[in-house]
Peer 1: 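To start, I am sharing the structure in question, which I have written as structure tokens.
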2 protein chains.
Amino acid sequence: MNTLFKALSHPVRRRIIAMLRAGPLASGDIAAAFDMSWPTITGHLNALKEAGLVSPERDGQTIRYRLEISAVEEAMAFLMDIAGAGSRADAPAPLKPQETPK
Amino acid sequence: MNTLFKALSHPVRRRIIAMLRAGPLASGDIAAAFDMSWPTITGHLNALKEAGLVSPERDGQTIRYRLEISAVEEAMAFLMDIAGAGSRADAPAPLKPQETPK
DNA sequence: TCCCTAATTAGGAGAACTGCTAATTACAAG
DNA sequence: CTTGTAATTAGCAGTTCTCCTAATTAGGGA
């Protein structure tokens with residue numbers, strides 16, 4: 001959960017995710033879409049991978065990254081949990097604690 | 001959008017948001033719920049405020065923070081946009097660009 | 001084997017983040 | 001005005017993030 005939101009907190013990483021909506025892309029194709037060095041993009045891809053947001057698949061020389069919807073849904077679940085209960089004092093039942101930050 | 005996800009990326013800030021689901025709370029009451037100094041919590045509240053996730057209201061000496069659902073919904077909209085279009089190659093229509101990171 | 005392309009890892013500089021203590025502001029009440 | 005409580009701002013140390021260039025790994029083809 002922690003790495004998930006941290007991964008989402010950088011504009012370049014969010015844009016990479018948006019690119020992958022249409023389907024898997026090679027690392028190089030992603031890097032080419034940005035005005036940054038390829039190693040920097042690799043770093044962002046690693047952050048996304050660690051968060052479970054993407055997964056790499058090797059195909060010969062190229063490595064293609066696929067978007068993992070389930071991770072996106074996990075983040076969404078957290079937000080729905082909060083948006084669901086308004087700021088009214090008569091909230092129904094706050095649900096389970098669901099997170100216990102150290 | 002940027003500050004929004006950045007605000008959500010810290011466990012303490014997410015827990016503060018979760019606390020506010022039930023209704024507004026005073027700064028001191030929030031600080032008391034954590035094992036950290038009050039000024040540190042003030043810092044987190046400022047981050048949440050800048051992201052539009054909470055808004056402060058003064059009432060005498062105390063300052064109460066209220067959760068702003070609309071900001072939560074904004075973040076949710078971004079995620080739905082992505083989860084909506086799967087990783088299938090025949091995606092319908094990627095929607096508007098909606099974000100153009102520098 | 002040797003070379004080329006695809007991609008990652010290593011290492012480091014500079015900025016941003018996160019926590020603290022001390023000092024300050026804001027309000028209420030005597 | 002002075003005192004006390006609520007809360008923020010100021011300033012600083014240590015850590016993490018973000019970007020770069022240089023070096024390295026991995027695979028495909030001559």
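Note on naming: letters A, B, ... go to the chains in the order of the sequence lines (proteins, then strands), and numbering restarts at 1 for each one.
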Peer 1: B:Leu53 and side chain to side chain contact (heavy atoms under 4.5 Å, CB included): which single residue from B:Leu4, B:Thr3, B:Leu20 fits?
Peer 2: B:Leu4
Peer 1: Do NZ/NE/NH1/NH2 and the carboxylate oxygens of B:Arg21 and A:Asp81 come within less than 4.0 Å?
Peer 2: yes
Peer 1: For the backbone of A:Ile16 and the side chain of A:Arg14, can you confirm whether one donor and one acceptor N or O come within less than 3.5 Å of each other?
Peer 2: no
Peer 1: Tell me which of B:Thr62 and A:Gly60 sits closer to the 5' end of DNA chain D, going by the nucleotide each one is nearest to.
Peer 2: B:Thr62
Peer 1: Identify the two heavy atoms, one from B:Pro56 and one from B:Ile63, that lie closest to each other, and give their separation to 0.1 Å.
Peer 2: CB-CG2, 3.8 Å
Peer 1: Which pair of non-hydrogen atoms, one from B:Gly28 and one from B:Trp38, has the smallest distance, and what is that distance?
Peer 2: CA-CZ2, 3.4 Å
Peer 1: Is there a path of hydrophobic side-chain contacts, each under 4.5 Å between heavy atoms of I/L/V/M/F/W/Y residues, joining A:Met76 to B:Ile69?
Peer 2: yes
Peer 1: Assess the side chains of A:Glu68 and A:Ser55: does a donor N or O sit below 3.5 Å from an acceptor N or O?
Peer 2: yes
Peer 1: Pick base, sugar-phosphate or nothing for B:Ala31, based on heavy-atom distances below 4.0 Å to the nucleic acid.
Peer 2: nothing
Peer 1: For residues B:Ile41 and B:Met36, report the shortest heavy-atom separation together with the two atoms involved.
Peer 2: CD1-SD, 4.2 Å
Peer 1: To the nearest 10 degrees, how far apart in direction are the end axes of the helix from C:dT1-D:dA30 to C:dG30-D:dC1, each fit to five base pairs?
Peer 2: 10°
Peer 1: Closest heavy-atom contact between B:Ile30 and B:Leu45?
Peer 2: CD1-CD2, 4.1 Å
Peer 1: Where the side chain of A:Arg13 meets the backbone of A:Ala7, is there a donor-acceptor pair that is under 3.5 Å apart?
Peer 2: yes
Peer 1: Contact boundaries of DNA chain D with chain B (under 4.0 Å, heavy atoms), 5' to 3'?
Peer 2: D:dG4 to D:dT9
Peer 1: When we call it a touch if two heavy atoms are under 4.0 Å apart, what does A:Thr42 touch: a base, just sugar-phosphate, or nothing?
Peer 2: base
Peer 1: Protein within reach of the bases, or only the backbone? For nucleotides 15-21 of chain C, mark each nucleotide 5' to 3' as B, S or -, using heavy atoms under 4.0 Å.
Peer 2: --SSSBB
Peer 1: With nearest nucleotide decided by heavy atoms, which residue, A:Pro56 or B:Arg58, maps closer to the 5′ end of DNA chain C?
Peer 2: A:Pro56
